[in-house]
Every structure is written in C-alpha cells, then in structure tokens.
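Reading through the structure tokens given below for one structure.
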Protein chains: 2
Amino acid sequence: MRIGELATKTGVSVRALRYYEEQELLGAVRSGGGQRHYADTAVERVELIQLLYAAGLSSRTVRDLLPCVDSGVSTPQSRAVLAGERDRIDRQIAELTRAREKLDTIIAATSAPNPACPYVN
Amino acid sequence: MRIGELATKTGVSVRALRYYEEQELLGAVRSGGGQRHYADTAVERVELIQLLYAAGLSSRTVRDLLPCVDSGVSTPQSRAVLAGERDRIDRQIAELTRAREKLDTIIAATSAPNPACPYVN
DNA sequence: CTAGAACCTGACGCTGACGTCAGATGCAAG
DNA sequence: CTTGCATCTGACGTCAGCGTCAGGTTCTAG
C-alpha cells in the first residue's frame with residue numbers, strides 16, 4: 001500500500017503521514033525507487049495516533065508509548081506516563097463538562113424572554 | 001485593582017491580561033499615568049475567559065459572545081454560535097472518553113502479567 | 001516508449017496564546 | 001528627593017502539527 005492510498009483510507013493528509021514517519025510514529029519499507037510502502041496494519045496505527053493526538057498527547061509522548069503498545073509490555077516509566085495522561089484526560093473532560101454547563105446557562109439566560117423588554121424575543 | 005493584583009488573584013500572567021485587552025475581551029480604565037485599573041468583577045470575567053479558552057473557543061468567538069453574556073440578550077447568530085460550540089464540546093468529550101478507554105485498555109494489557117514471560121512483572 | 005499521475009526531499013509558512021526582552025515611565029515609602 | 005518595584009509600549013520568539021511550493025524522480029497504463 002502506497003502513501004496516497006493510506007491517506008485516503010485514514011483521512012489524514014500525505015504530509016501528515018510523512019510527518020508521522022519523521023516523528024518515528026509510523027514505519028514504512030521503501031521500494032527500490034525510494035517510495036514508502038505500508039502494511040495493512042498501518043491503517044489502525046494511524047487511527048490510534050490520531051486518537052491520541054485528539055486526546056492531547058504530544059508526538060513525543062506517543063512515540064514513547066507505541067513500543068509499549070506493540071510489545072504488550074510496559075515499564076514503570078511508561079506506566080507512569082500512561083496513568084498521568086489518563087488523569088489529565090479525566091481533568092480535561094471535567095473542565096469541558098463545566099464549560100458546557102456554563103454555555104448551557106448562557107444559552108438559557110439569553111434565550112429566555114427578557115423581562116425588561118419582553119417583545120425582543 | 002492594578003494588573004499585578006488581578007494576575008495573582010486569577011492565576012494568569014500579566015502578559016495574558018494585556019493580551020485579553022488587545023483582543024477586546026477585558027476592559028480597563030486608565031489612571032493618569034496610563035496604568036490599567038480593574039473592577040472586582042474582572043476576576044470572574046477572567047475566569048470565564050479561561051474556561052472558554054480551555055473549552056477550545058477562540059478569542060474571536062469569545063469576543064463575539066461576551067456582549068451577549070453581559071447584556072443577557074442573544075441574537076439568532078449568537079445563539080447559533082453558542083449551540084455550535086456546545087455541540088463541538090459534546091463531540092470533544094465523546095472523543096476524549098474514547099481515548100481514555102483506549103488508554104485504559106493499553107494500561108490493562110501492558111500491566112497484566114505477560115503469559116510468555118510471567119516473571120517480568 | 002511515453003505521458004502523466006503519484007511520489008520524493010528539502011524548506012519555508014502558518015496559527016494562537018502567550019513568553020520574553022528592552023527601554024522608558026509611574027507610584028508609594030522613607 | 002530618591003530609591004526601587006510595578007507598570008507601560010513595542011516587537012520579536014516559541015511551539016506543534018501540519019500546509020504548501022519548488023524542482024526532480026518513479027511507476028503504471030496504453
């Protein structure tokens with residue numbers, strides 16, 4: 001599978017895939033002419049990378065964790081990183097939940113008929 | 001209240017407060033010498049800005065919404081923005097939840113005793 | 001064999017929310 | 001009056017995850 005096909009299958013850009021390789025997140029074998037060829041499993045790998053990015057992990061952190069995912073074995077350090085990121089995500093969810101509640105409050109407050117000027121709405 | 005005091009009270013930097021003014025998110029009256037002076041309500045205002053930032057809103061969006069918060073009145077446009085941001089936050093929470101589950105899976109998989117090498121753990 | 005689509009390697013550009021530094025001024029205490 | 005901390009205005013620096021462009025090469029269909 002070449003890079004264009006992987007890009008369309010995963011929905012990420014060709015540039016991004018090359019960036020992942022540069023960051024050592026995604027390996028590829030090279031053809032004689034130097035073109036990248038990917039295994040089928042690369043699709044899941046890219047999706048995992050995207051998921052972790054969306055969760056706020058840096059490429060550095062992802063790079064450190066991927067070997068651990070592949071091997072199924074974690075070191076005390078990687079366990080600490082994993083737990084730390086999980087807690088950070090928990091806090092972020094809590095913050096987002098608060099923000100959503102705040103937005104709901106604003107929506108309710110501004111959508112309600114204005115008592116001082118009832119015909120505005 | 002001068003800028004340094006507001007900074008310590010809210011936990012954000014002096015630079016950030018000046019940036020908020022530049023983005024028209026936070027007003028201040030000036031003393032004769034040009035120094036900024038803030039009302040007590042500025043503390044809540046800054047906390048609101050931080051909350052919205054943390055939720056992924058841009059300063060542009062926050063600027064558009066603040067008048068609506070202050071006046072208690074929303075326009076159809078601002079209602080659309082509010083609803084859109086709320087939905088985006090919902091999707092983001094869902095994504096984070098998925099990521100957390102994935103991390104939990106990884107933690108469980110790598111922390112479990114390795115069947116091929118049981119004494120590693 | 002050849003056209004042209006897909007791919008390659010640099011390398012610079014972009015964005016947002018500030019950090020940071022320089023040099024000048026304001027303000028309260030002694 | 002002076003010391004010295006707080007504040008001021010500009011303006012450049014940062015960082016990550018790519019976008020984009022230039023100029024050259026590889027692969028595949030006909």
Side-chain angles (χ1 to χ4, degrees), chain A residues 1-39 42 45-66 81 85 88-89 92 95-96 99, chain B residues 1-39 42 45-66 81 85 88-89 92 95-96 99:
Chain A
M1 181 196 263
R2 290 196 299 173
I3 198 169
E5 191 180 346
L6 182 58
T8 56
K9 276 191 181 176
T10 57
V12 313
S13 71
V14 167
R15 176 67 176 92
L17 293 176
R18 289 201 270 251
Y19 177 75
Y20 297 166
E21 182 176 302
E22 194 182 319
Q23 300 298 309
E24 302 175 44
L25 308 181
L26 181 62
V29 294
R30 298 301 185 111
S31 73
Q35 300 197 343
R36 294 168 178 85
H37 285 264
Y38 298 93
R45 167 59 53 113
V46 170
E47 285 166 356
L48 175 59
I49 294 170
Q50 291 281 102
L51 183 66
L52 295 179
Y53 272 163
L57 282 75
S58 67
S59 12
R60 164 78 187 255
T61 304
V62 175
R63 182 181 63 212
D64 293 346
L65 291 183
L66 283 180
V81 172
E85 293 295 339
R88 193 185 49 70
I89 292 172
Q92 198 174 340
E95 206 165 20
L96 284 172
Chain B
M1 179 190 244
R2 291 195 298 175
I3 199 169
E5 192 180 345
L6 182 57
T8 55
K9 276 191 182 174
T10 57
V12 313
S13 71
V14 167
R15 177 67 175 93
L17 293 176
R18 289 200 270 251
Y19 177 74
Y20 296 166
E21 181 177 304
E22 193 183 321
Q23 299 299 309
E24 301 174 46
L25 307 181
L26 181 62
V29 294
R30 297 302 185 111
S31 73
Q35 299 198 343
R36 292 167 179 86
H37 285 263
Y38 299 93
R45 168 59 53 113
V46 170
E47 284 165 358
L48 174 60
I49 294 171
Q50 290 281 100
L51 183 66
L52 296 178
Y53 272 162
L57 281 75
S58 67
S59 16
R60 164 77 186 256
T61 305
V62 175
R63 183 180 61 211
D64 293 347
L65 291 182
L66 283 181
V81 172
E85 293 295 339
R88 195 186 47 70
I89 292 173
Q92 199 175 338
E95 206 166 19
L96 284 173

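Within every chain, numbering begins at 1; the chains are lettered A, B, ... in the order of the sequence lines, protein sequences first and strands thereafter. Keep in mind that this is a model prediction, so the values were computed, not measured.
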In Å, rounded to the nearest 0.5 Å, how long is the span from [atom1] of [X] to [atom2] of [Y]?
| X | Y | atom1 | atom2 | result |
| --- | --- | --- | --- | --- |
| A:Gln50 | A:Thr10 | CD | OG1 | 7.0 Å |
| A:Leu17 | A:Arg2 | CG | CZ | 14.0 Å |
| A:Leu96 | B:Glu95 | CG | CD | 11.0 Å |

Give a yes or no on whether a salt bridge exists between B:Arg30 and B:Glu21, defined as a side-chain N under 4.0 angstrom from a carboxylate O.
yes

Charged N to carboxylate O under 4.0 angstrom, B:Glu5 versus B:Lys9?
yes

Are any of [X]'s side-chain N or O atoms less than 4.0 Å away from OP1 or OP2 of [N]?
| X | N | answer |
| --- | --- | --- |
| A:Ser31 | D:dC27 | yes |
| A:Tyr20 | D:dC18 | yes |
| B:Tyr19 | C:dC18 | no |
| A:Arg15 | D:dG17 | no |
| B:Ser13 | C:dG19 | yes |

How many Å lie between [atom1] on [X] and [atom2] on [N], as a whole number?
| X | N | atom1 | atom2 | value |
| --- | --- | --- | --- | --- |
| B:Glu5 | C:dA28 | CD | C1' | 15 Å |
| B:Arg2 | C:dA28 | CZ | P | 7 Å |
| B:Leu52 | C:dA17 | CG | C1' | 15 Å |
| A:Gln35 | D:dT25 | CD | P | 14 Å |
| A:Glu22 | C:dC8 | CD | C1' | 14 Å |
| A:Tyr38 | C:dC7 | OH | C1' | 11 Å |
| B:Leu17 | D:dT9 | CG | P | 13 Å |
| A:Arg18 | D:dC18 | CZ | P | 14 Å |

Regarding B:Arg30, tell me which of base, sugar-phosphate or nothing describes its non-hydrogen contacts under 4.0 Å with the strands shown.
sugar-phosphate

Considering only heavy atoms and no angle criterion, is a donor-acceptor pair shorter than 3.5 Å present between the side chain of B:Arg36 and the base of D:dT7?
no

How do A:Ala16 and A:Gly32 order along DNA chain D: which one's closest nucleotide is nearer the 5' end?
A:Ala16

More 5' along DNA chain C: A:Gly33 or B:Arg60, using each one's nearest nucleotide?
A:Gly33

